[in-house]
Amino acid sequence: MAEPVTHTIDVPGATLTYDIRGDLAHRPVLLMIGSPMGASGFPTLASHFADRTVVTYDPRGVERSARSGELTELTPDDHAADLIALIETLDAGPVDLFASSGGAVNALALTAQRPDLINTLVAHEPPLAGILPDSESALAAVADIYDTYQRDGMGAGMAKFIAIVSYDGEIPADYTEQPAPDPAMFGLPTEDDGSRTDALLGQNLRGCTAYQPDFDALGKAKDRIVIGVGEESGNCLAGRGGKAAAARLDLEPVVFPSGHGGFLGNEYGQPGKPEEFAAKLREVLDR
């Protein structure tokens, strides 16, 4: 596969960094995104699409895409504006778009606003807690994670994040009253280093999970939308978010191999089933 060539684009409040593998003249371009996962999460998946031109990027505030000014919280609409700028800069639309997790939420925002830029969207496990039957308790748990991070730091906040994304089933009303998990159980720091710059906990968590997609607009473009869920995800929050989004669009969710990060190789030491996942993604995109 072609080696990635790195570029940047200036947008209001940030400089976005993106990588191109292949020739942009080869259409449709395949854009792979996460949030807050950046381009570093996609080398394995991209390697299975050597016949395609693949673009990856770091969302604002992540890895190489530096923000300017105050590090305020972000919304999926903020990220959608960045994605519009990226696709228009590439002059590559309409694109095939594989979007994972928070990236899937951002991609739904993008598609609602600019369906003309999308050939096929595969939105894999968008953690849309705000559209779940247990949204009140789920969003209360998310707010508690954010407050814990602001009060006690990354280790304490991330431990609660890991606990909720691993929780199988609806979030009970008394969830936040349960004992807090020990950060050391997950190999996380138990001391607060004083920093509050974490892109997940400090900048994206609340805006992403509480987002209310424009399902009326998305319904008009649903012929180009695929909602994916992991076969091993059970009734965890992100998978339930995907199923709920599919139901709102009257779509059948497509089951992908492995779980939430099923496309990963060894990028973060938690590999999924990338070969099988890529085969399923190719099948979906080729339909």
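FYI, the numbering just counts along the sequence from 1. Only heavy atoms go into these numbers, but all of them, side chains included; no hydrogens, no water, no symmetry mates.
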Item checked: Between CG on residue L200 and CE on residue M37, distance to nearest 0.5 Å -> 11.0 Å
Item checked: Atom CD of E88: over 12 foreign heavy atoms under 6.0 Å -> yes
Margin query: Checking D134 against S137: is there a side-chain donor and acceptor pair closer than 3.5 Å?
Written below: no
Notebook entry, point to check: Taking atom CD of Q150 as the centre, does the number of heavy atoms from other residues, nucleotides or ligands within less than 6.0 Å exceed 12?
Noted result: yes
Checklist line | Flag for N204-H79: side-chain donor and acceptor within less than 3.5 Å | finding: yes
Next item on the list: Quick one: pull up CG in L30 and CZ in R52 and give me the separation to the nearest 0.5 Å.
Entry: 5.0 Å
Notebook entry, point to check: With distance as the sole test, does T75 use its side chain to make a donor-acceptor pair with the main-chain N or O of D78 at under 3.5 Å?
Noted result: yes
Checklist line | Cluster overlap I164 with I131, hydrophobic side-chain contacts below 4.5 Å | finding: no
Next item on the list: Would you check, one step at a time, whether the test side chain to side chain contact (heavy atoms under 4.5 Å, CB included) holds for V254 with V284?
Entry: CA-CA 9 Å; V254 174; V284 169; 4.0 Å; yes
Item checked: Side-chain touch L31/I87, heavy atoms, less than 4.5 angstrom -> yes
Item checked: Common cluster, L86/V105, ILVMFWY with side-chain heavy-atom separation under 4.5 Å -> yes
Notebook entry, point to check: Linking I/L/V/M/F/W/Y whenever any side-chain heavy atoms sit under 4.5 Å apart, do L218 and V122 land together?
Noted result: no
Next item on the list: Evaluate side-chain hydrogen bond (donor to acceptor under 3.5 Å, both in side chains) for D77 paired with Q113, printing each intermediate quantity in order.
Entry: CA-CA 9 Å; D77 288 327; Q113 295 173 35; 2.9 Å; yes
Note to self: Using every non-hydrogen atom in the two residues, find where P253 and A246 come nearest and quote the distance to one decimal.
What the structure shows: CD-CB, 3.9 Å
Next item on the list: Using the side chain to side chain donor-acceptor pair (under 3.5 Å) rule, pick out the option among T197, T15, T72 that qualifies with R67.
Entry: T72
Margin query: For G22, is there any backbone N or O sitting under 3.5 Å from a side-chain donor or acceptor partner on T53?
Written below: no
Notebook entry, point to check: Residues two or more places apart in sequence or in another chain: which of them pass side-chain hydrogen bond (donor to acceptor under 3.5 Å, both in side chains) with D192?
Noted result: R196
Next item on the list: Under the side chain to side chain contact (heavy atoms under 4.5 Å, CB included) rule, what do L83 and Y57 come out as? Steps first, then yes or no, please.
Entry: CA-CA 9 Å; L83 289 165; Y57 94 122; 3.7 Å; yes
Next item on the list: Could you tell me whether the side chain of E231 and the main chain of V255 form a donor-acceptor pair under 3.5 Å?
Entry: no
Checklist line | Side chain proximity check, Y146 to E73, heavy atoms < 4.5 angstrom | finding: yes
Next item on the list: Taking all non-hydrogen atoms of both residues into account, name the closest pair between S100 and F263 and its distance.
Entry: OG-CE2, 3.4 Å
Check: Considering only heavy atoms from C-beta outward, does the side chain of V11 approach that of R60 to under 4.5 Å?
Finding: yes
Item checked: Working for side-chain hydrogen bond (donor to acceptor under 3.5 Å, both in side chains), residues N106 and Y211 -> CA-CA 9 Å; N106 301 341; Y211 190 67; over 6 Å; no
Next item on the list: Using only heavy-atom distances, determine whether the side chains of N235 and Y167 contain a donor-acceptor pair under 3.5 Å.
Entry: no
Check: Is there a side-chain contact between S195 and M154 (heavy atoms, below 4.5 Å)?
Finding: no
Margin query: Take a 6.0 Å sphere around CG of D250 and say whether it holds more than 12 heavy atoms from other residues, nucleotides or ligands.
Written below: no
Item checked: Separation between CG of L249 and CG of D223, rounded to the nearest 0.5 Å -> 11.0 Å
Check: How many angstroms lie between atom NZ of K222 and atom CG of L121, to the nearest 0.5 angstrom?
Finding: 14.5 Å
Item checked: Nearest heavy-atom neighbours spanning L188 and A159 -> CD1-N, 3.6 Å
Margin query: Looking at K243 and E125, is there a salt bridge between them, counting it only when a charged N and a carboxylate O are closer than 4.0 Å?
Written below: no
Next item on the list: List the steps and the verdict of side chain to side chain contact (heavy atoms under 4.5 Å, CB included) for M32 and V54.
Entry: CA-CA 7 Å; M32 299 178 176; V54 175; 3.9 Å; yes
Next item on the list: Could you check Y268 against S40 for side-chain hydrogen bond (donor to acceptor under 3.5 Å, both in side chains), going step by step and ending with a plain yes or no?
Entry: CA-CA 9 Å; Y268 304 117; S40 63; 3.0 Å; yes
Next item on the list: Of all the heavy-atom pairs spanning P76 and G207, show the shortest one and how long it is.
Entry: CD-O, 3.4 Å
Note to self: Is the distance between the ring centroids of F161 and Y149 under 6.0 Å?
What the structure shows: no
Margin query: Any donor-acceptor pair under 3.5 Å linking the side-chain atoms of S101 with those of H260?
Written below: yes
Item checked: L237/L128 under side chain to side chain contact (heavy atoms under 4.5 Å, CB included): CA gap, chis, key distance, verdict -> CA-CA 8 Å; L237 191 147; L128 291 164; over 6 Å; no
Item checked: Joint cluster assignment, I20 & I33, ILVMFWY side-chain distance < 4.5 Å -> yes
Notebook entry, point to check: To the nearest 0.5 Å, what is the distance between OG1 (T120) and CZ (R287)?
Noted result: 10.5 Å
Checklist line | Atom CD of Q178: over 12 foreign heavy atoms under 6.0 Å | finding: yes
Item checked: Considering all heavy atoms, the nearest G130-S135 contact -> O-CB, 3.7 Å
Checklist line | All pairs passing salt bridge (charged side-chain N to carboxylate O under 4.0 Å, His left out) where residues 6-35 contributes a residue, at least two apart | finding: D19-R64
Next item on the list: Kindly indicate whether the side chain of L264, heavy atoms from C-beta on, has any atom under 4.5 Å from the side chain of T44.
Entry: no
Next item on the list: For the pair D51 and R282, find out whether any cationic side-chain nitrogen is under 4.0 Å from an anionic carboxylate oxygen.
Entry: yes
Notebook entry, point to check: How long is the span from the OG1 atom in T209 to the CG atom in L139, to the nearest 0.5 Å?
Noted result: 5.5 Å
Check: Are I9 and V62 co-members of a hydrophobic cluster defined by side-chain heavy atoms under 4.5 Å apart?
Finding: no
Note to self: Does any part of the side chain of D91, heavy atoms only, come nearer than 4.5 Å to the side chain of L24, both counted from C-beta?
What the structure shows: no
Next item on the list: Return yes if some donor-acceptor pair links the side-chain N/O of D174 with the main-chain N/O of E177 below 3.5 Å, else return no.
Entry: no
Checklist line | Distance-minimising heavy-atom pair for E170 and P133 | finding: OE2-CB, 4.0 Å
Note to self: Under a 4.0 Å threshold between the charged nitrogen and the carboxylate oxygen, would E275 count as salt-bridged to K280?
What the structure shows: no
Checklist line | L110 side chain near L97 side chain, heavy-atom distance below 4.5 Å | finding: yes
Margin query: Do D96 and P28 make a side-chain contact, defined as non-hydrogen atoms from C-beta onward lying under 4.5 Å apart?
Written below: yes
Checklist line | Q270 CD: over 12 foreign heavy atoms closer than 6.0 Å | finding: no
Item checked: Parallel, tilted or perpendicular, as decided by the 30° and 60° cut-offs, for the rings of F256 and F98 -> tilted
Item checked: ring-ring contact (aromatic ring centres under 6.0 Å, His included) evaluation trace for H124 with F277 -> CA-CA 11 Å; H124 186 256; F277 193 102; 5.1 Å; yes
Check: Counting distance only, does the side-chain N/O of T148 pair as donor-acceptor with the main-chain N or O of D144 below 3.5 Å?
Finding: yes
